[in-house]
Amino acid sequence: MTRKVQTRIIAFANHKGGVGKTTCVAGVGQGLAKLGNKVLLIDLDTQANLTSFFFDPNDETERLTIADVLIRQEKIKPYHVKENLDLVPSSLDMALAESTLISRISRELILTHALEDIKDDYDYILLDCPPALNIVTTNAFIASTDTYVPLTAEALPLRGMMMLNDYLEGLRVNGFDIKITGIIINRFNTRKNLNKAVEQSIKNEYGDVVFKTIIRENVSLAEVPLAGGDIQEYAPSSNGARDFDALTEEIYQRTK
């Protein structure tokens with residue numbers, strides 16, 4: 001596979017929790033790696049759910065985390081987890097990031113500078129953002145070439161998009177060229193009329209920004225974190241595996 005001219009750095013962000021953001025990062029990241037791309041995942045969330053996809057939470061091995069990079073200004077250190085796939089883990093120390101970074105000069109650019117040394121080693125860098133519009137998420141937005149918003153097809157998450165748009169508009173006013181480049185409809189229940197109505201509203205509002213692939217509600221996706229984090233290996237014939245295969249291909253075609 002021909003290497004990409006520009007590394008695509010994609011922030012997966014939504015200030016509302018419970019929308020399957022981490023599942024999207026893990027599924028798309030592993031899918032892109034299987035297509036032959038060099039992929040780096042960065043877990044920016046205090047809960048470290050993405051880290052738990054690949055490392056046993058009870059494993060007490062000392063690892064350099066993204067908290068060490070953002071708070072203690074260490075060099076970023078990826079860990080190899082699968083073929084073509086690396087991870088920068090998170091830790092509970094990320095809870096200190098907001099209060100620590102707020103007084104730093106150029107605090108919005110810390111992640112951007114940290115990625116300079118390694119970004120050319122990868123075709124894709126996927127950022128799993130915390131469910132908050134804070135300084136860590138702002139760092140992710142500014143460091144990224146793309147911003148993807150996973151959301152569920154319900155009324156509340158749709159209204160929350162207005163808050164996210166307002167936040168990004170504030171960043172644009174301050175000179176940062178940031179916009180939503182992808183919306184992923186996740187945990188979609190084909191039997192719920194509300195889901196269908198909200199899906200149509202999202203498409204009417206955002207048009208081609210919305211990915212054609214919809215991730216259907218699927219029990220295998222809920223089970224996969226305990227099985228090693230790979231839906232294609234855990235349940236290859238499931239709707240979850242099919243949907244993430246299709247979404248990965250759509251993202252690859254959109255960004256290659």
Side-chain angles (χ1 to χ4, degrees), residues 3-4 6-13 21-130 132 134-148 225 228-230:
R3 288 298 301 274
K4 301 167 71 63
Q6 180 192 28
T7 301
R8 298 304 283 253
I9 305 174
I10 305 174
F12 286 71
K21 176 173 50 61
T22 299
T23 301
C24 287
V25 174
V28 170
Q30 291 175 104
L32 288 169
K34 288 180 180 179
L35 290 176
N37 300 284
K38 289 286 292 179
V39 180
L40 174 64
L41 310 180
I42 300 181
D43 189 350
L44 292 166
D45 193 348
T46 305
Q47 298 178 66
N49 290 329
L50 182 64
T51 301
S52 297
F53 265 72
F54 302 99
F55 295 136
D56 185 341
N58 297 315
D59 182 356
E60 297 183 357
T61 302
E62 288 288 332
R63 296 185 179 92
L64 197 76
T65 72
I66 195 62
D68 295 308
V69 175
L70 297 179
I71 298 171
R72 302 176 186 93
Q73 302 179 51
E74 299 281 356
K75 291 285 188 181
I76 199 165
K77 181 179 179 181
Y79 293 88
H80 185 68
V81 290
K82 289 188 175 182
E83 185 178 1
N84 291 328
L85 187 67
D86 294 347
L87 170 72
V88 178
S90 185
S91 70
L92 288 174
D93 286 352
M94 281 297 290
L96 302 172
E98 187 72 12
S99 59
T100 303
L101 298 183
I102 199 68
S103 61
R104 295 267 180 86
I105 297 173
S106 300
R107 57 186 177 271
E108 301 92 349
L109 300 173
I110 293 173
L111 182 59
T112 300
H113 295 323
L115 290 174
E116 283 298 325
D117 290 339
I118 63 157
K119 70 178 184 180
D120 289 342
D121 296 335
Y122 297 95
D123 299 302
Y124 291 91
I125 298 175
L126 309 186
L127 310 176
D128 187 14
C129 299
N134 58 17
I135 191 64
V136 174
T137 305
T138 300
N139 264 264
F141 287 148
I142 293 172
S144 297
T145 59
D146 298 89
T147 298
Y148 291 174
D230 192 328

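Side chains of Val25 and Val28 form no contact here, defined as non-hydrogen atoms less than 4.5 Å apart. Between Leu41 and Phe53 there is no side-chain heavy-atom pair separated by less than 4.5 Å. Inter-residue side-chain proximity for Asp123 and Leu32 is flagged as unmet; no heavy-atom pair is nearer than 4.5 Å. Counting only heavy atoms from C-beta outward, the side chains of Leu115 and Thr7 never approach each other to under 4.5 Å. For the pair Leu40 and Asp121, the minimum side-chain heavy-atom distance is 4.5 Å or more. Using a 4.5 Å cut-off on side-chain heavy atoms (C-beta onward), Ile66 and Val69 make contact. Between Tyr79 and Phe54, the closest side-chain pair of non-hydrogen atoms is not below 4.5 Å. For the pair Leu44 and Leu70, the minimum side-chain heavy-atom distance is below 4.5 Å.
Going from atom CG of Leu50 over to atom CG of Leu127 covers 10.5 Å, rounded to the nearest 0.5 Å. Atom CG in Asn84 sits 12.5 Å away from atom OH in Tyr124 (nearest 0.5 Å). Rounded to the nearest 0.5 angstrom, Leu109 CG and Glu116 CD are separated by 10.5 Å. In this structure, CG on Asp117 lies 4.0 Å from NZ on Lys75, to the nearest 0.5 angstrom. With rounding to the nearest 0.5 Å, the separation of CG in Leu35 from CD in Gln30 is 12.5 Å. In this structure, the separation between CD on Gln47 and CG on Leu92 is 10.0 Å, given to the nearest 0.5 Å.
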Would Ile42 and Ile125 satisfy side-chain contact (heavy atoms from CB on, under 4.5 Å), going step by step from the backbone distance to the final call?
-> CA-CA 7 Å; Ile42 300 181; Ile125 298 175; 3.9 Å; yes
Is there a salt bridge (Lys or Arg N to Asp or Glu O under 4.0 Å) between Lys82 and Asp230 once you walk through the steps?
-> CA-CA 10 Å; Lys82 289 188 175 182; Asp230 192 328; 3.3 Å; yes
For Phe55 and Thr61, run side-chain contact (heavy atoms from CB on, under 4.5 Å): C-alpha distance rounded to whole Å, both residues' side-chain angles, the deciding distance at 0.1 Å, then the answer.
-> CA-CA 10 Å; Phe55 295 136; Thr61 302; over 6 Å; no
Would you please test Leu101 and Leu96 for side-chain contact (heavy atoms from CB on, under 4.5 Å) and show each step?
-> CA-CA 8 Å; Leu101 298 183; Leu96 302 172; over 6 Å; no
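A donor-acceptor pair under 3.5 Å links the side-chain atoms of Ser90 to the main chain of Asp45, judged by distance alone. Using a distance-only test at 3.5 Å, with no hydrogens or angles considered, no donor-acceptor pair links the side chain of Thr137 to the main chain of Cys129. For the pair Thr65 (side chain) and Ser91 (backbone), a donor-acceptor distance under 3.5 Å is absent. In this structure, the side chain of Arg107 does not engage the main chain of Glu98 through any donor-acceptor pair within 3.5 Å. Side chain of Asp43 to backbone of Pro89: no donor-acceptor contact under 3.5 angstrom is found. Within the 3.5 Å criterion, the main-chain N or O of Ile9 finds no donor-acceptor partner in the side chain of Tyr122. The closest donor-acceptor contact from the side chain of Asn37 to the backbone of Val39 lies at 3.5 Å or more, if one exists at all.
Classification of Asp93 and Arg72 as a salt-bridged pair holds, one side-chain N sitting under 4.0 Å from a carboxylate O. A salt bridge links Arg8 with Asp146: at least one charged nitrogen is closer than 4.0 Å to a carboxylate oxygen.
The heavy-atom pair separating Ala11 from Ala140 by the smallest distance is CB-O, 4.1 Å. Listed here is the closest heavy atom pair of Gly29 and Leu85: O-CD1, 3.9 Å.
No more than 12 heavy atoms of other residues, nucleotides or ligands sit less than 6.0 Å from atom NZ of Lys77.
Using modelled atom types, one finds no donor on one side chain facing an acceptor on the other under 3.5 Å when comparing Asn49 with Ser52.
For the side-chain hydrogen bond (donor to acceptor under 3.5 Å, both in side chains) test, residues two or more places apart in sequence or in another chain that qualify with Thr22 are Asp128.
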